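See structure below.
Indexing begins at 1, ligand by ligand and atom by atom, following the structure's order. Given the structure is predicted, the values throughout are model-derived calculations rather than measurements.
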Amino acid sequence: IIFNQGNAPDREALIVADASSRTDGSPAVYDIPVVGASFAQGEALAQPGATAFVEVLPAETRTDYNVIAEVRGRDRDNVVMAGAHLDSVTVGPGINDNGSGSAALLETALSMASLKPHNTLRFAWWAAEEQGLVGSTSYVEKQPQEELDRIALYMNYDMVASPNYVPMVYDSDESTWDASATIPAGSTAIEDLYESFYTKVGVPYDDAEYSGRSDYQAFINAGIPSGGLFTGAEVLKNERQAEIWGGVAGEQFDPCYHLACDAFENQALDALDVNSDLIAFAMLTFAFSTESVNG
Ligand code: PHE
Ligand code: ZN
Ligand code: ZN
Ligand code: ZN
């Protein structure tokens with residue numbers, strides 16, 4: 001029996017093996033990273049020899065909505081797009097994941113609402129990312145090719161204020177989702193702009209890899225130049241990173257990743273501050289011109 005939450009199955013699984021099918025004497029219950037309060041008994045279930053009573057309910061079907069807002073530019077056929085997922089996992093409120101990206105993007109959208117930019121700016125707050133990138137995938141799949149052709153680029157903001165953060169820029173050279181590398185992973189021009197911003201404000205940055213675990217994926221699949229920011233999830237900060245950015249080596253970038261404690265306190269306000277500036281800066285830069293990205 002595998003309980004799975006979100007789109008990181010390797011991490012967020014509670015596995016209770018069927019003891020009756022065990023033939024080699026190995027423990028019937030495996031290493032269990034419990035996801036949160038609602039799985040609190042998972043620890044007890046992990047004891048070899050324990051009996052688990054599991055009630056499996058039929059899957060529930062719900063409707064959820066993407067929220068899309070647009071600032072029309074003089075050029076309606078050249079759209080600069082940015083998105084953040086608005087949903088959280090069910091066990092917690094999801095303040096860093098992804099209230100952080102959603103709020104930063106909202107602030108940028110509000111501050112640009114009365115502009116008349118050259119290019120058209122489109123903001124997306126995605127539904128059901130945690131259920132498997134559902135909202136963004138459905139959005140891209142529903143656009144006719146001529147609409148997709150109008151989208152100059154897409155920027156993704158998922159977890160931009162992790163408490164034990166490293167500011168990371170999605171890096172085109174680092175991709176784990178397309179082993180055969182048949183589709184180029186992301187835009188180096190977007191990456192370069194982000195890196196120039198961090199350099200300008202004196203904030204060191206690192207690379208993030210395109211793992212296919214967030215809403216940029218549908219855009220990359222559609223051949224739209226993409227980029228994004230990330231400040232870390234379940235991976236542990238190493239010594240070198242702690243020397244550069246402070247924080248705690250040996251601890252997760254976000255110790256409350258997908259837990260009930262991803263609540264209001266679970267955000268680094270200094271990271272949120274600089275990343276909000278970056279999000280606005282990138283939007284404004286591309287509002288004038290996307291030539292660096294599209295040639
Ligand atoms: N998309 C993940 C989530 O919402 C966040 C994440 C992105 C984690 C990339 C790791 C790598 O939970
Ligand atoms: Zn998540
Ligand atoms: Zn997320
Ligand atoms: Zn880079």
Side-chain angles (χ1 to χ4, degrees), residues 3-13 33-36 38-39 64 66-67 82-106 124-137 139-140 154-172 174-178 185-186 191 194 205-221 226-238 241 251-263 266-268 271-272 275 279:
F3 298 93
N4 200 352
Q5 173 90 258
N7 54 18
D10 52 324
R11 168 77 193 167
E12 302 163 4
V34 176
V35 186
S38 64
F39 287 170
D64 200 357
N66 295 325
V67 179
H85 75 83
L86 199 53
D87 62 314
S88 74
V89 291
T90 49
V91 295
I95 294 304
N96 182 43
D97 181 16
N98 184 33
S100 63
S102 293
L105 192 61
L106 178 59
W125 289 270
W126 303 118
E129 188 266 0
E130 302 286 10
Q131 306 300 319
L133 317 179
V134 176
S136 55
T137 305
Y139 177 85
V140 170
Y154 172 73
M155 296 175 283
N156 193 67
Y157 303 118
D158 183 2
M159 307 184 74
V160 301
S162 301
N164 195 26
Y165 68 88
V166 167
M168 288 183 269
V169 175
Y170 281 110
D171 191 284
S172 296
E174 312 224 11
S175 165
T176 52
W177 62 272
D178 187 356
E191 200 181 314
Y194 290 170
Y205 56 86
D206 212 339
D207 292 333
E209 73 179 5
Y210 284 100
S211 60
R213 281 174 64 184
S214 197
D215 294 304
Y216 53 75
Q217 192 58 54
F219 290 86
I220 288 179
N221 291 347
S226 300
L229 286 189
F230 182 51
T231 54
E234 78 279 10
V235 172
L236 308 183
K237 182 174 266 188
N238 64 35
Q241 291 167 328
E251 251 190 35
Q252 293 187 178
F253 294 123
D254 181 351
C256 286
Y257 177 60
H258 285 186
L259 297 178
C261 61
D262 185 7
N266 193 52
Q267 50 179 329
L272 185 62
N275 286 336
I279 291 166

How many angstroms lie between [atom1] in [X] and [atom2] in [Y], if you round to the nearest 0.5 Å?
X: S88; Y: N96; atom1: OG; atom2: CG; value: 12.0 Å
X: S136; Y: N156; atom1: OG; atom2: CG; value: 8.0 Å
X: F230; Y: E209; atom1: CZ; atom2: CD; value: 9.5 Å
X: N164; Y: Y257; atom1: CG; atom2: OH; value: 15.5 Å
X: Q267; Y: D262; atom1: CD; atom2: CG; value: 9.0 Å
X: W126; Y: Y157; atom1: CH2; atom2: OH; value: 13.5 Å

The one among R213, M168, H85 that brings a heavy atom closest to atom 1 (N) of ligand 1: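 Closest candidate by heavy-atom distance is R213.
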Among Y216, Y257, F230, Y210, closest by any non-hydrogen atom to atom 9 (C) of ligand 1: F230
Check against side chain to side chain donor-acceptor pair (under 3.5 Å), E130 and H258: CA-CA 10 Å; E130 302 286 10; H258 285 186; 3.1 Å; yes
At a non-hydrogen distance cut-off of under 4.0 Å, which region of V89 contacts ligand 1 (side chain, backbone, both, or neither)?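 Neither part.
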Heavy-atom contacts under 4.0 Å between D158 and ligand 1: side chain, backbone, both, or neither? side chain
With heavy atoms of [X] as the reference, note each atom of ligand 1 found under 4.0 Å away.
X: M159; value: 5 (C)
X: Y170; value: 9 (C)
X: A233; value: 8 (C)
X: E130; value: 3 (C), 4 (O), 12 (O)

In this structure, the Zn ion (ligand 3) sits at the vertex of an angle between OD1 of D158 and NE2 of H85 that rounds to 10° as 100°
Can you tell me the N, O or S atom of E130 that's nearest the Zn ion (ligand 2)?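 Nearest to the Zn ion (ligand 2) within E130's N, O and S set: OE2.
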Any N/O pair E234/ligand 1 closer than 3.5 Å: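 There is no such contact.
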Please say whether S211 places an N or O atom under 3.5 Å from an N or O atom belonging to ligand 1.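 S211 vs ligand 1: no N/O contact under 3.5 Å.
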Below 2.8 Å, can you find an N, O or S atom of D97 next to the Zn ion (ligand 3)?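 Coordinating: yes.
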Students often mix this up, so state it plainly: with edges at 30° and 60°, are the rings of Y216 and Y210 parallel, tilted or perpendicular?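 Ring orientation of Y216 relative to Y210: perpendicular.
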Which residue in the set D254, D97, L259 passes side chain to side chain contact (heavy atoms under 4.5 Å, CB included) when paired with N266?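 In the set D254, D97, L259, the residue that makes a side chain to side chain contact (heavy atoms under 4.5 Å, CB included) with N266 is D254.
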